[in-house]
Amino acid sequence: MVEKSKEVDAYVANAPAHAVAALKRIRKAFHEGAPDCRESIKWGAPHFDGRSIIGGMAAFKEHVAFGFWRGAELGADELLSQRIGNSDMRRMKVASAKELPTHAALVRLVRRAAALDAKGPARKEASQKKTAPVKRAAPKVPAELAAALARNAKARATFEAFAPSRRKEYVEWIAEAKRDETRSRRVAQAVEWMAEGKSRNWKYESGRRGAR
């Protein structure tokens with residue numbers, strides 16, 4: 001037995017004159033195509049629910065719109081030509097009941113939408129799946145730094161505990177040195193700081209020390 005909502009009754013009765021006939025036809029099609037659906041007012045307009053929302057309708061000053069939550073899966077783009085954002089929702093706008101598809105066509109659309117809803121949530125296509133983040137290779141440690149770390153257990157432990165970004169700060173600082181003397185000096189300084197648990201930019205980190 002079709003259960004009609006008094007709120008939807010009132011919505012249709014109080015709709016603009018041009019919209020009443022269209023709303024009645026759409027409502028009838030929903031109840032015929034999805035006889036177990038429940039109707040209610042959501043976001044200020046009538047909606048028809050099964051397991052989730054099957055579809056809805058709304059009256060505006062100059063037109064009526066109706067559509068389906070999973071309209072993209074219905075293969076009826078020639079009718080449901082209006083896309084709602086990036087969602088699967090699709091709808092049709094008409095100026096009056098005369099522009100609606102036939103009653104049989106409306107019922108077929110509702111029946112197909114209800115069948116989709118009964119199957120459960122839509123399966124996302126592989127192309128819609130989130131791409132796994134690309135794992136970046138750890139920065140290559142200069143030979144001089146690697147040798148110095150091998151000789152200093154505390155510095156080595158700090159370096160190995162650093163996040164990749166913290167390691168990169170030291171690696172790039174040393175690799176950027178153009179002279180051998182500058183590079184050696186930076187390696188010695190890096191090992192000293194890391195032995196104390198300090199990051200490359202510890203002076204600018206407002207009391208933050210080491211790898212966090």
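- Taking both residues in full, the closest heavy atoms of A59 and L23 are given as CB-CD1, 3.9 Å, listed atom of the first, atom of the second, then distance.
- Taking the side chain to side chain donor-acceptor pair (under 3.5 Å) definition, one finds that E7 meets it with nothing, sequence neighbours left out.
- With sequence neighbours excluded, the residues forming a side-chain contact (heavy atoms from CB on, under 4.5 Å) with A155 are L149, N152, V191, M194, A195, listed by chain and number.
- The heavy-atom pair separating Y11 from A45 by the smallest distance is CE1-CA, 4.0 Å.
- Going from atom NZ of K154 over to atom CD of E192 covers 12.5 Å, rounded to the nearest 0.5 Å.
- Interatomic distance, CD1 of I41 versus OG of S5, reported as 6.0 Å (0.5 Å rounding).
- A65 and K93 get closest at one heavy-atom pair: CB-CG, 4.2 Å.
- Nearest heavy atoms, G50 versus R38: O-NH2, 2.8 Å.
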H31/E39 under side-chain contact (heavy atoms from CB on, under 4.5 Å): CA gap, chis, key distance, verdict: CA-CA 9 Å; H31 284 296; E39 61 177 27; 2.7 Å; yes

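- Atom NZ of K198 is separated from atom CD of Q189 by 8.5 Å, given to the nearest 0.5 angstrom.
- The distance from atom CH2 of W193 to atom OG of S199, rounded to the nearest 0.5 Å, is 9.0 Å.
- Nearest heavy-atom pair across I54 and C37 is CD1-CB, 4.2 Å.
- Nearest heavy atoms, E160 versus R167: O-NH2, 2.7 Å.
- R183 places none of its side-chain heavy atoms less than 4.5 Å from the side chain of L145.
- The side-chain hydrogen bond (donor to acceptor under 3.5 Å, both in side chains) pairs that include a residue from residues 50-67 are S52-D117, where partners are two or more places apart or lie in different chains.
- Between F68 and F30, a ring centre-to-centre spacing shorter than 6.0 Å is recorded.
- The number of heavy-atom neighbours closer than 6.0 Å to NZ of K42, taken from other residues, nucleotides and ligands shown, is above 12.
- Taken to the nearest 0.5 Å, the CZ atom of R25 stands 12.5 Å off from the CE atom of M57.
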Can you give the donor-acceptor pairs under 3.5 Å from side chains of residues 100-110 to other protein atoms, not counting sequence neighbours?
unit_1: T102; atom_1: OG1; unit_2: A105; atom_2: N; d: 3.1
unit_1: H103; atom_1: NE2; unit_2: E32; atom_2: OE1; d: 2.9

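- Every side-chain contact (heavy atoms from CB on, under 4.5 Å) that S165 has, sequence neighbours left out, goes to A163.
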With a 3.5 Å cut-off and sequence neighbours excluded, list the donor-acceptor pairs that the side chains of residues 171-181 form with protein atoms.
none

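- Separating the CE atom in M89 from the CG atom in L80 is a distance of 11.0 Å, to the nearest 0.5 Å.
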